[in-house]
Asker: 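My structure is below; once you've seen it, I'll send some questions.
Per chain, numbering begins at 1; letters A, B, ... match sequence-line order. Side chains included, hydrogens not; waters and symmetry mates left out as well; all remaining heavy atoms used.
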Number of protein chains: 2
Amino acid sequence: MPGGHQWRHRFRENACRWTMPREVILDVLSRASRHMSAKEIYASLYAACPGTGLTTVYRTLELLQRLGFVRKFDAGDGQSRYELRGEGTQDHHHHLICTRCGKIIDFRDFIEEELELVKKTEDALAKKHNFQILDHNIEFLGLCDKCR
Amino acid sequence: MPGGHQWRHRFRENACRWTMPREVILDVLSRASRHMSAKEIYASLYAACPGTGLTTVYRTLELLQRLGFVRKFDAGDGQSRYELRGEGTQDHHHHLICTRCGKIIDFRDFIEEELELVKKTEDALAKKHNFQILDHNIEFLGLCDKCR
DNA sequence: TTGTTATTGATAATCATTTTCATTTATAAT
DNA sequence: ATTATAAATGAAAATGATTATCAATAACAA
Ligand SMILES: [Mn+2]
Ligand SMILES: [Mn+2]
Ligand SMILES: [Zn+2]
Ligand SMILES: [Zn+2]
């Protein structure tokens, strides 16, 4: 349990101030269900920090993304979703998305094989297209048990 | 070259009428550069079918997607992009996206290994979560040669 | 404690996409 | 070929997520 202090330190390192809205947003992200939209985060903010604006939520999420603490992704409905990036490789995962109801499931199956193939592909692509590859996403789309 | 007639037939099969806007939009999609946004398609429509509304472009794209003729995807900027789905497996590919300038590159490297891993993962996920998996996306994010 | 400057919140602005609804048109039936 | 019907279209307005503005506030270094 890294506690909340680590965040403060990591903010300082990046010349960012440690404020109440940021602390609360990080808290929401770390405890609540994953894959939250900005509006959902905004909604669950009221108890701990009423008066926080939706604008601040968006700005904080963008900052967290820029610092690499948060991953932003698109699940097909019109809004972006956000999740904390855990440390090392044990948090590495991808998404299984129901295209009808929007349900999102994390999966970590075959991560070994996946990383191996991803590495090979990254190397090939970086060389062939002179790209600096920084990240990747893998997602499976389909119908969940309730929607099929 | 399947020509334009096949489309007409495939529309009929699905109880959809064959109209000028639909023909022209399919033509644009098949000849022009891939990964076009609705607005881009709308813009390149004027010559062949002036007066076509942007609304019709959106409606047609949604139909094409529903019929499985078109793949809709998100490249990180605020708008959806569309590309024709080719027939068999020789068209199967994924995307390498520059997060700064938005450049998109198709790649088909290691499709063999990819399909193998994807199959394994699909089976495992379908069983474990009782999902009916219909599609998948793999994307690499990074900086292109000009942006790095 | 004070000064500087990042951060915030209310509000308005953007911008992609969707809805509405009256008009047109593809197509099947006559 | 004409006609009837429902699907398709287009103009305009509505929606909804995200971003820009700007004056007020608060973090934090000195
Ligand atoms: Mn996740
Ligand atoms: Mn492509
Ligand atoms: Zn579902
Ligand atoms: Zn680039």
Asker: Return the value, rounded to whole Å, for the distance between atom CD of A:Glu23 and atom P of D:dC28.
Answerer: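 Nearest whole value for this atom pair: 11 Å.
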Asker: Counting only non-hydrogen atoms, which of residues 56-78 of chain A are less than 4.0 Å from DNA chain D?
Answerer: A:Tyr58, A:Arg59, A:Gly78
Asker: Please determine, for the side chain of A:Trp18, which listed nucleotide (C:dA10, D:dC28, C:dT7) has the closest atom?
Answerer: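 Shortest atom-to-atom distance from the side chain points to D:dC28.
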Asker: Can you confirm whether A:His94 sits close enough to A:Glu114 that some side-chain heavy atom of one is under 4.5 Å from a side-chain heavy atom of the other?
Answerer: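 Yes, close enough: below the 4.5 Å cut-off.
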Asker: So how far off straight is the helix from C:dT1-D:dA30 to C:dT30-D:dA1, going by the axes through five pairs at either end, to 10°?
Answerer: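 Axis-to-axis angle, ends of the helix: 40°.
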Asker: Looking at every strand, decide which applies to A:Thr19 at a 4.0 Å heavy-atom threshold: base, sugar-phosphate, or nothing.
Answerer: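 Answer is sugar-phosphate: A:Thr19 comes under 4.0 Å of backbone atoms only.
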Asker: Report the residue from A:Val57, A:Leu61, A:Thr60 that forms a side-chain contact (heavy atoms from CB on, under 4.5 Å) with A:Tyr82.
Answerer: A:Leu61
Asker: Would you kindly give the CG-to-P distance between A:Leu54 and C:dA12, to the nearest whole Å?
Answerer: 16 Å
Asker: Kindly point out which of C:dT17, C:dG9, C:dT8 is positioned nearest to the side chain of B:Ser80?
Answerer: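 The closest nucleotide is C:dT17.
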Asker: B:Glu40 versus B:Gln79: any side-chain heavy-atom pair under 4.5 Å?
Answerer: no
Asker: Looking at A:Phe69, is A:Arg10 sitting on its ring face, NZ or CZ under 6.0 Å from the six-membered ring centre and within 45 degrees of the normal?
Answerer: yes
Asker: For the pair made of NZ in A:Lys39 and C1' in D:dT18, what is the distance, rounded to whole Å?
Answerer: 12 Å
Asker: Counting heavy atoms from C-beta on, name the nucleotide in D:dT5, C:dT8, D:dT9 closest to the side chain of B:Arg17.
Answerer: D:dT5
Asker: Does A:Phe107 have its ring centroid less than 6.0 Å away from the ring centroid of A:Phe140?
Answerer: yes
Asker: Can you tell me how far the OG1 atom of B:Thr56 sits from the CG atom of B:Leu45, to the nearest 0.5 Å?
Answerer: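 Output value for this atom pair is 9.5 Å.
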Asker: Could you check whether B:Arg71 and B:Asn137, counting side-chain N and O atoms only, form a donor-acceptor pair closer than 3.5 Å?
Answerer: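 A pair is found: one side chain offers a donor N or O, the other an acceptor, under 3.5 Å apart.
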Asker: Between A:Phe11 (CZ) and C:dT7 (C1'), how many Å, whole number?
Answerer: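 Value for this atom pair: 12 Å.
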Asker: Which residue, B:Thr55 or B:Met20, contacts DNA chain D at a nucleotide closer to its 5' end, judged by nearest heavy atom?
Answerer: B:Met20
Asker: Base, sugar-phosphate alone, or nothing: which one does A:Thr52 contact when heavy atoms must sit under 4.0 Å apart?
Answerer: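 Since only primed, P, OP1 and OP2 atoms lie under 4.0 Å of A:Thr52, the category is sugar-phosphate.
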Asker: Round to a whole Å and report the spacing from CD1 of A:Ile25 to C1' of C:dT7.
Answerer: 12 Å
Asker: Rounded off to whole Å, could you give me the OH-to-C1' distance for the B:Tyr42 and C:dA16 pair?
Answerer: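 Going from OH in B:Tyr42 over to C1' in C:dA16 covers 14 Å.
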Asker: Taking atom C1' of D:dA27 as reference, at what distance in whole Å does atom CG of A:Asn14 sit?
Answerer: 16 Å
Asker: Any heavy-atom pair between the side chains of A:Phe73 and A:Ile104 that's under 4.5 Å?
Answerer: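 A:Ile104 vs A:Phe73: side chains touch.
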Asker: Aromatic rings A:Phe11 and A:Trp18: how do their planes relate, parallel, tilted or perpendicular, breaks at 30° and 60°?
Answerer: perpendicular
Asker: With heavy-atom distances below 4.5 Å as the criterion, would you say the side chains of B:Ser44 and B:Met36 are in contact?
Answerer: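 Yes. Closest side-chain heavy atoms under 4.5 Å.
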Asker: Of the listed nucleotides (D:dG10, C:dT11, D:dA8), which one gets closest to any side-chain atom of B:Cys16?
Answerer: D:dA8
Asker: May I have the distance from B:Arg22 (atom CZ) to D:dG10 (atom P), rounded to whole angstrom?
Answerer: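 Nearest whole value for this atom pair: 11 Å.
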